[in-house]
Amino acid sequence: MNLSSINGVSKNFSDSDQSLDTPTYQNRKRGSRKRATRVSPWKRFKGLGFLIGLLGLFFLVNWWMLSRLNHSGSGPEISSSAENSKSSVVIKEDLGDIIKVNKPQKTPFGRLLKLAAHALAEGQNKPEPKGLWEEPYDRASNWKPCAEERDWEPSEGNNGYIMVTANGGLNQQRVAVCNAVAVARLLNATLVLPKFMFSSVWRDVSQFGDIYQEEHFINYLKPDIRIVKELPKELQSLDLDAIDSVVTDEDIMKEAKPSYYRKNILPLLLKNRVLHFLGFGNRLAFDPVPSQLQRLRCRCNFYALQFVPKIQEGGALILQRIRQNSSYAGPLDNYLLGPHAKKMVKGKRGHSVKGPKYLALHLRFEIDMVAHSLCNFGGGEEERKELEAYRQIHFPALTRLEKNDKLPTPDELRTEGLCPLTPEEAVLMLAALGFNRKTHIFLAGAQIYGGPSRLASLTSLYPHLVTKENLLSPSELEPFKNFSSQLAALDFIGCTASSAFAMTDSGSQLSALASGFRMYYGGGQMATIRPNKRRLADIFLKNSTIEWKVFEQRVRKAVRQTKQVHRRPTARSIYRHPRCKECMCLLE
Ligand SMILES: *[C@@H]1O[C@H](CO)[C@@H](O)[C@H](O)[C@H]1NC(C)=O
Ligand SMILES: *[C@@H]1O[C@H](CO)[C@@H](O)[C@H](O)[C@H]1NC(C)=O
Ligand SMILES: *[C@@H]1O[C@H](CO)[C@@H](O)[C@H](O)[C@H]1NC(C)=O
Ligand SMILES: *[C@@H]1O[C@H](CO)[C@@H](O)[C@H](O)[C@H]1NC(C)=O
């Protein structure tokens, strides 16, 4: 059976930079364009349909045979009640305490979760698998940060003023800001301190200065571009709409090249003296871009954007508590926490980082992502209706495409690895990788779709699981409460500084940026777990028959294969893949 060719198709998606914080219709559109121009897997799908059908039949027969075997052969441990979707699975542990995996009707994977609970209970005192908390250090440590090196004179910004109002959530805004910095330099323009657009999804009124230190941003980039806080008085009264100075995302092509800006945007700037970019998601290509300009973008991302003291302080409390008050400080603490970072306690150079380890899990399973993915999550008609209604409000363009039948089906999306991992899938992955029950887990993410009960399997298998809401007292949390971007900044800190970081959707911008920071500052020691979801989907499809040992092996392999140290592939994000000559230097 030609499984490898199916897996081959997935490569193009599993690690895509396509989706952002707030998945927008454009992202999906770009995804579809990729599909059309690159491999056209949907076409191949039709051809593969037969194969998949055959595969399905094979599993069905397999399942039937195995379930017969179970009935006749095995003890009560793997009783058929696990398959009964209403049952609650009760497992007796060695220690004598009882873990209850309350399995709501909607939740699949009852059988596997039970096996996972067993494996964790048995593995309490076993050593963790080799390399669980590590990156391929020898190769990764050859890359050193070097985006701070400048090789040009400051731009005077005489050609006019660029204003930008970035859309999306915290992390999408960060990318837009650094792209705008590069465009300002490209056009010899002065940048006006960026503004953030109010989003119906994130509902946060925070502006640049509520999140990042304005003075640091302006001063740090002084050798590169001129940044002012406001437009000069004489320009403030201009009606930008009337003079055609408002440039929306419809006016600039996606991933536009520098030549496009010089040809189409510069004349407008010279004529009107001021331009306002509205939205500005993904509007500057990653290749080809002159290397000094690329480096400026990296510099912006890795140095110029420092959180305000309020966020640094909140982040410091989180790190201190999840590290159980130890005096350890990680390689990113100084950048993330500024003066609130502890004095670096140098871990032994080489492999394991000293200090209490914790795993950060970014569970990107909020309703916007869930709805936008167009996938099924086992909730039946009720779920379908709810997500459909959400799409109608927030992603109307997606609904239109859906009506015209232009989109792949939920099953196709799932087998292609394009669905975010559910909480159950995430916990199964962690258990299979060998994280034991004592692991301290920092769970990042806002409102999990399906509510807190959806986290039952995670918390029952990993009792030391915390969120920023648990780690901070209500009064410590209060100043952040109404500001989803500021809360997201706390998650950003918790994820980026963790000893190991596991993501559930590689298209998520937080996950992408956190991985990039860990590469840039981590010295080859900060493990990042980025599942190949196409492969995982294939493994999960066998949930009702697969043996735990086999499940473990296959999941470990699927994750190991993504832990490669490679140069940034052409056209991919420098923020996500800073291992490229403009951002990092390779010591041979
Ligand atoms: C920007 O300024 C530099 C140096 O003065 C000059 O070489 C370059 O051509 C200018 N570019 C634009 C787009 O005005
Ligand atoms: C850390 O210190 C705080 C305050 O001193 C204390 O309440 C807490 O129990 C400590 N946590 C651990 C894990 O030692
Ligand atoms: C948050 O918003 C609620 C309702 O909009 C308001 O009552 C409350 O005072 C706000 N809290 C803060 C800290 O701004
Ligand atoms: C679990 O296994 C069943 C039976 O093989 C399959 O129909 C189902 O799609 C699987 N669930 C997932 C989420 O892959």
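FYI, side chains are in, hydrogens and waters are out, and symmetry mates aren't considered; it's all heavy atoms of this structure. Because the structure is predicted, anything quoted here is derived from the model rather than measured. As the structure lists them, so they are numbered: ligands from 1, and atoms in each ligand from 1.
Heavy-atom contacts of Leu266 reach the following atoms of ligand 1: 13 (C) (cutoff under 4.0 Å). Within ligand 4, counting atoms from 1 as listed, the ones closer than 4.0 Å to a heavy atom of Leu541 are 2 (O), 5 (O), 9 (O), 14 (O). Shown in contact with Leu186 at under 4.0 Å from a heavy atom are these atoms of ligand 1, numbered in order with element: 13 (C). Against a heavy-atom cut-off of under 4.0 Å, Ser544 is close to the following atoms of ligand 4: 2 (O), 4 (C), 5 (O). Of all atoms in ligand 4, numbered sequentially from 1 with element shown, those under 4.0 Å from a heavy atom of Phe540 are 1 (C), 10 (C), 12 (C), 14 (O).
Ion pairing of Glu388 with Lys385 is absent here, as no side-chain N (NZ or NE/NH1/NH2) approaches a carboxylate O to less than 4.0 Å. Between Asp287 and Lys257 there is no salt bridge, since no side-chain N of the basic residue sits under 4.0 Å from a carboxylate O of the acidic one. Electrostatic pairing of Glu425 and Arg414 counts as a salt bridge here, judged by a charged N lying under 4.0 Å from a carboxylate O.
In this structure, a donor-acceptor pair under 3.5 Å is present between the side chains of Ser511 and His362.
Considering both main-chain and side-chain atoms, Asn543 comes within under 3.5 Å of ligand 4 through a nitrogen or oxygen pair. For a threshold of 3.5 Å applied to N or O pairs, the pair formed by Arg262 and ligand 1 contains no separation below that value.
Each of Gln324, Asn325 has a non-hydrogen atom positioned under 4.0 Å from some atom of ligand 2.
Taking OH of Tyr390 as the reference point, atom OH of Tyr449 lies at 11.0 Å (rounded to 0.5 Å). In this structure, CD1 in Ile318 is found 11.5 Å from CG in Leu336, a value given to the nearest 0.5 Å.
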Let me check something: any side-chain donor-acceptor pairs from residues 219-227 under 3.5 Å, sequence neighbours excluded? List them with distances.
residue, atom, partner, partner atom, Å
Asn219, OD1, Lys222, NZ, 3.2
Asn219, ND2, Glu215, O, 3.1
Tyr220, OH, Glu148, OE2, 3.0
Asp224, OD1, Arg150, NE, 3.2
Asp224, OD1, Trp152, NE1, 2.8
Asp224, OD1, Arg299, NH2, 2.6
Asp224, OD2, Arg150, NE, 3.1
Asp224, OD2, Arg150, NH2, 3.0
Asp224, OD2, Arg299, NE, 3.3
Arg226, NH1, Thr190, OG1, 3.1

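For the pair Thr504 (side chain) and Arg364 (backbone), a donor-acceptor distance under 3.5 Å is present.
Atom NZ of Lys557 has 12 or fewer neighbouring heavy atoms from other residues, nucleotides or ligands inside a 6.0 Å radius.
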